[in-house]
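All remarks here apply to the structure that follows.
Start at 1 and go down the list; that is how both ligands and their atoms are numbered.
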Amino acid sequence: MDPATQSQKAEHICKLAPIVPVLIVERVEHARPLAEALVAGGLPALEVTLRTEAALDVIAEMAKVEGGFVGAGTLLTPDDVKRAVDAGAEFGVSPGSSDTLLQACEDEGLALLPGAASATEAMHLLERGYFVQKFFPAEAAGGAPFLKSLASPLPQISFCPTGGVSTKNATDYLSLPNVICAGGSWVAPKDMVQSGDWAGIEKLAKDAASLPR
Ligand code: 3PG
């Protein structure tokens, strides 16, 4: 899949809701109810980070949830890409980008949201055809003011800021013309996942889904 087509698919997924939950799931039995709660709350695009042993099984379980679009986050290597696709991931997210990672996603036909944290990184990705990118780590790399500064010189790029985004600052990002959605882990707090507070998570998802953009 060529990068522009990948970006079109990523754009479609990013437009589904203002927030993409970033999920670190330790136990596969949490996958279905967690995805169901987030989708019911209005957040259909879900990023499952490949940071736990269960992550690939979690992706496979979440992929069965109606109305959801499950992606694999923290993609670092071609092997990660292959395993994510085999598990049923519909899109991928990476904290940055390398040529080998981009090539693997293009070869596997996995729509990728590649990470950039500077004008130069964003330009390299744009040159290859990626016009939808993750801005990571958003708060540490300069936050909403930084992203706002890129809107005029690089209006072709839409960003999904992730990393330090919360209810406190989400609207600062979402109100920018070059922000398509934002990513964050606050909609699925560890303690609520572990205690199985799916109603509480659905409520957090509802609040996030109603953020203006
Ligand atoms: C991450 O990589 O963990 C994401 O950027 C999520 O960051 P957050 O926990 O600050 O939302």
Looking only at the side chains, is there a donor atom on one of Ser98 and Thr100 sitting less than 3.5 Å from an acceptor on the other? yes
Does Ser210 have any side-chain hydrogen bond (donor to acceptor under 3.5 Å, both in side chains) partners at least two apart in sequence or in another chain, and if so, which? none
Assign the ring pair Phe135 / Phe159 to parallel, tilted or perpendicular, where the plane angle (0 to 90°) is split at 30° and 60°. perpendicular
For Asp2, is there an ion pair with Arg128 - N to carboxylate O distance below 4.0 angstrom? no
Between the protein and ligand 1, which nitrogen or oxygen pairs come in under 3.5 Å, and how far apart is each?
from: ligand 1; atom 1: 2 (O); to: Arg51; atom 2: NH2; distance (Å): 2.6
from: ligand 1; atom 1: 3 (O); to: Arg51; atom 2: NH1; distance (Å): 3.1
from: ligand 1; atom 1: 3 (O); to: Arg51; atom 2: NH2; distance (Å): 3.3
from: ligand 1; atom 1: 5 (O); to: Gly163; atom 2: N; distance (Å): 3.4
from: ligand 1; atom 1: 9 (O); to: Ser185; atom 2: OG; distance (Å): 2.5
from: ligand 1; atom 1: 10 (O); to: Gly164; atom 2: N; distance (Å): 2.7
from: ligand 1; atom 1: 11 (O); to: Ser185; atom 2: N; distance (Å): 2.9
from: ligand 1; atom 1: 11 (O); to: Ser185; atom 2: OG; distance (Å): 3.2

Test side-chain hydrogen bond (donor to acceptor under 3.5 Å, both in side chains) applied to Thr52 - qualifying residues, sequence neighbours left out: none
Show every ring-ring contact (aromatic ring centres under 6.0 Å, His included) that has at least one partner inside residues 13-41, sequence neighbours left out. His30-Trp198
